[in-house]
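The figures that follow rest on heavy atoms only: side chains count, while hydrogens, waters and symmetry mates do not.
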Amino acid sequence: MLIQTKDLKKIYTTEEVETTALNNIDLQIEQGEYVAIMGPSGCGKSTLLNILGLIDNPTSGEYKFLGKDVADSSERKRAGLRKSNIGFIFQSFNLIDELTVFENVELPLLYLGFSAAERKKRVSEVLEHMALMPRKNHFPQQLSGGQQQRVAVARAVVARPKLILADEPTGNLDSTHGEEVMNLLGELHGGGTTVVMVTHSQAYAEYSQRIIYLFDGQVVSENIQKKFKL
């Protein structure tokens, strides 16, 4: 089991108000699954993704990642697990403007301590696959939105993580480039990578094997796709 949560809660507290973002979330995601998370704005989708991605800790409850209890892990321990196992794709791309396409994609490998030769090999391979090699020396602002998101996907997968977490990956793209990103995610899943995607789009959610619906911080239903798109 890749991901397992039980009674997962996240509560944000200020001096004036206490807000429950997630309430008793029970979740299981197997290695190799493709799962979409849907729900209205403010229902806890991104909060859940941040906890699953070891960016944040829950307030209470259990979270096991690769069989290890990580609910109360320190930031240092979470960062170590994150670097070697999880790739992130964000709606806003989150590329570094001062770095070229090649350098943006190379960044996770630098953090993991790969040699220069291995970094060059892996980055070149993924840029070729994403049809981005002609743009490798360009900066993000010289690219279209669709190209920027392809760079973000390349950066997410270059370290060959077990899990890809995608938070509204098509949110800033037109339909053509949105379909392109969805096809890339489908390819990654087809190669054995686990994909968990937050989306507002029912059409894009249908690319997944299973859709989890959140409302007011709770799982209200699940839908297993008998025929998911490839």
Side-chain angles (χ1 to χ4, degrees), residues 2-3 29-39 45-46 48-49 52-53 85-95 100-102 104-109 121-136 138-213 222-230:
L2 183 65
I3 287 171
I29 297 174
E30 301 276 1
Q31 291 196 42
E33 263 199 285
Y34 188 163
V35 176
I37 300 172
M38 295 195 72
K45 301 186 301 296
S46 293
L48 178 57
L49 214 64
L52 297 183
N85 293 291
I86 303 172
F88 294 89
I89 304 169
F90 302 96
Q91 176 178 348
S92 55
F93 316 138
N94 283 16
L95 301 176
T100 64
V101 166
F102 189 98
N104 266 283
V105 175
E106 183 185 32
L107 209 52
L109 303 181
K121 177 176 177 289
R122 286 203 183 197
V123 174
S124 297
E125 284 176 355
V126 76
L127 291 181
E128 285 282 4
H129 183 70
M130 302 284 184
L132 286 166
M133 276 301 276
R135 307 284 183 184
K136 71 175 184 176
H138 286 60
F139 292 93
Q141 298 306 314
Q142 297 174 301
L143 306 177
S144 69
Q147 289 168 336
Q148 288 186 60
Q149 192 60 298
R150 272 193 283 150
V151 175
V153 173
R155 181 186 57 191
V157 304
V158 71
R160 300 169 190 166
K162 294 180 177 68
L163 172 65
I164 292 290
L165 296 176
D167 193 357
E168 296 283 359
T170 62
N172 285 334
L173 303 177
D174 59 32
S175 58
T176 300
H177 289 118
E179 291 281 347
E180 186 178 278
V181 169
M182 293 309 302
N183 288 332
L184 286 172
L185 290 177
E187 283 183 31
L188 294 172
H189 172 247
T193 304
T194 306
V195 178
V196 179
M197 172 184 65
V198 162
T199 181
H200 277 101
S201 167
Q202 181 69 38
Y204 289 151
E206 289 174 2
Y207 281 75
S208 71
Q209 294 170 300
R210 180 160 58 110
I211 305 174
I212 296 170
Y213 295 92
E222 289 191 29
N223 179 24
I224 296 174
Q225 306 278 87
K226 291 183 180 178
K227 289 185 177 181
F228 66 97
K229 294 181 182 180
L230 293 173

Self-check item: Residue pair Glu168, Tyr204: steps toward the side chain to side chain donor-acceptor pair (under 3.5 Å) verdict
Solution: CA-CA 10 Å; Glu168 296 283 359; Tyr204 289 151; over 6 Å; no
Practice problem: Take Val105 and Lys136, measure what side-chain contact (heavy atoms from CB on, under 4.5 Å) needs, and give me the verdict at the end. | Solution: CA-CA 9 Å; Val105 175; Lys136 71 175 184 176; over 6 Å; no
Quiz item: Could you walk me through whether Leu188 and Val153 pass the side-chain contact (heavy atoms from CB on, under 4.5 Å) check?
Solution: CA-CA 10 Å; Leu188 294 172; Val153 173; 4.3 Å; yes
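The backbone N or O of Leu173 sits nowhere less than 3.5 Å from a side-chain atom of Thr170 that would complete a donor-acceptor pair. Between the side chain of Lys162 and the backbone N or O of Gln31, no donor-acceptor pair lies under 3.5 Å. Under the 3.5 Å distance criterion, the side-chain polar atoms of His189 are matched with a main-chain donor or acceptor of Gly32.
Every residue two or more places apart in sequence or in another chain that forms a side chain to side chain contact (heavy atoms under 4.5 Å, CB included) with Ala152 is listed here: Leu95, Gln149, Arg155. With sequence neighbours excluded, the residues satisfying side chain to side chain donor-acceptor pair (under 3.5 Å) with Arg210 are Glu33, Glu222.
Heavy-atom minimum distance, Pro161 versus Thr193: O-CG2, 3.9 Å. Closest non-hydrogen pair, Ala205 versus Met38, comes out as CB-SD, 3.5 Å. Residues Ala156 and Ile89 share a closest heavy-atom pair of CB-CG1, 3.7 Å. Smallest separation of non-hydrogen atoms from Ala166 and Leu185: CB-CD1, 4.5 Å. Listed here is the closest heavy atom pair of Arg150 and Met130: NH1-O, 2.6 Å.
Contact annotation: the side chain of Arg135 never approaches that of Gln142 to less than 4.5 Å [non-hydrogen atoms, C-beta and beyond].
If you check the side chains of His138 and Gln147, you find no donor sitting under 3.5 Å from an acceptor.
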